Structure formats: C-alpha cells, structure tokens
Amino acid sequence: MTLKKIEQGRLFLAENPALFRCPFCHSDVKQQAYSLSCENNHRFDLSKKGTLFFLKQNHQSGYDEEMFLPRGRLIRGGMYQPVLTVIRQWLGAQEKVLDIGCGEGSFLAELENIAKIPLTVGFDIAKEGVYLATNHNNLAQQHFWCVADLTNLPFADNSFQRILNIFSPSHYQEFQRVLADEGELIKVIPGKEYLKELRQAFYPEEKAKQHYSNEKVLEKLAEKMTIVEEQQLTYSFAIPETLRLDLLEMSPLEWGVSQERKAFLREHPLKEITIDVHLLRAKKK
Ligand SMILES: [Zn+2]
C-alpha cells in the first residue's frame, strides 16, 4: 500500500531533520509530528500534499499550471533526453541531490527513470509547480518537495553532494553554503541556438528577441565557483504531434506574443525544435 503524501512527508522529516534549517532565523529545526520548528517558534507545517512552505508569503512568479503542465509533458516526451543522460552520469552514485527551481519536477523524475537516486529534494518558488511535482510516483523512497526562495535556502550547511540548477537562476553564496565540501553544482543554461525556431516564430520582426547570449551567466559562474567540466549539446528534437501545441506554452518566451500570432502558430505548429545547451559542473572555490 502506498502511503498518503502527508505521511511520506512526515517520514522524510523524521528521518532527515538535519537537512533543514529555519529560513527566518537560520537556527536548527526539529521535527515534531507534521511540522518543523525552530527555537524561535518559527513553525512550518506539512501540506496535505506532503510539502513545506518556507516563504513568508506567496510569491507571484508568473509561472503557473498553464506553463508547468505543457513543459512537463515535453520533458517527459523526450525533448531533453540527451541532456538528462549526461546529468545522470554526472550525478553518479551520489546520495543527496538538491534540485533548485524544480518546477513541476519532471527533470528529477526523468533522471530517476534512468537510475534511482537515494535521496532527492526539489524546491521551487512557485507553489503551483511544487504541488504538481508531488504527483510523480517513480521517485525513490527518500524524496521531498518544498516551496522556497533560492536566495535564502531552508537547508543546513554542507547538506547536499550535488545541486542541480537547470534553466533556473543562481545564488552562488547560498549554493556553496548548502553544498558539501567535495560537492558539485550541475548547471544547465541555454546556448545561442536554444529554441531558435520558437523565437523566430514568436517574434519574426524583432531580431533582438530572436537572440540570446549566455556570456554573462558563464562569466558569473566562473567568478564565483571553479568550473571542472563543460559540455555543449546541440540537437534537433522532432516534436511528437500531440506535443506541438505544448511547445507554444512552455516558456516565458510566449509572454510578449500577440494573440493573432499565437492563433496563427496553433494552426501551423513547429515540427522540430533546436535544443542547444551548456552543461557545467562546478566546485566550491
Ligand atoms: Zn526560526
């Protein structure tokens, strides 16, 4: 019999209280029944879905189910499979993995489809994504989802051997704090050609919006951490017919697109899309 989500959450907290710390006063937390609390009486209660909410208030990220669901279907549909294969190799047999900006959790779930990971924690600032993530049922026993802010992580120092940071912002000071001394950050950032057909389709008149540069992101990573390996992957993904409309809804790229243009693209969806990404492994400086 599978446990209810809230019971799974309680068990995880009972077994791993030392992974967490209070995000408000930074002191240790203790697990009691369905909560974590600190000596200053900051208390975090498990939701029915077995998640914890570590923010002072709900954050409007702009990401909602309308974006998370199509994105998840594309990830599970194989759009990032070559990327995930490399990441899974880089994770090796490491025990504790933190996914920063996990969204609806499909990247982590797909990584575990390749090979199970002993313990995973995924968080996102968008509650909608984290709730959806709790629906994945292929994960190893030790996994936990929460809502948190990447600039003030609710995790104890040196807690994770690997941090995943896939298409999401960084806060290197916090990453290095929660990363174990020999741990590694695995970061995935878009390359110049990433989703280029979609950019061109969305903004045919605006050359500036068709281009993306990751130079600043790379410079900042190199300044804050020691890059130990870099790989660029570029390939064309043939989009299965049932997922072609999902591509139009999966990213913030669509936010500025006119309704007329979108209607046109729904009639004439893209059949192929370029995936061009940089994968980086970095250690603490
Ligand atoms: Zn506290």
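Atoms within each ligand, like the ligands themselves, are counted from 1 in listed order. This is a predicted model, so every value here is computed, not measured. Note that the numbering runs from 1 along the sequence shown for the chain.
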### Query
Going by atom types only, do K5 and T134 share a side-chain donor-acceptor pair under 3.5 Å?
yes

### Distance-only side-chain donor-acceptor flag, Q32 / S37, under 3.5 Å
no

### Summary
Rounded to 10°, the SG/C22 to the Zn ion (ligand 1) to SG/C38 angle comes out at 120°

### Query
Can we say K262 and E254 salt-bridge, meaning some charged N sits less than 4.0 Å from an Asp/Glu carboxylate O?
yes

#### Entry: Proximal heteroatom of H42 relative to the Zn ion (ligand 1) (N/O/S)
ND1

### Task
Look at the N, O or S atoms of H26, main chain and side chain alike, and state whether any lies under 2.8 Å from the Zn ion (ligand 1).
no

### Message
Ring centres under 6.0 Å, that's the criterion: do F264 and H268 meet it?
### Response
yes

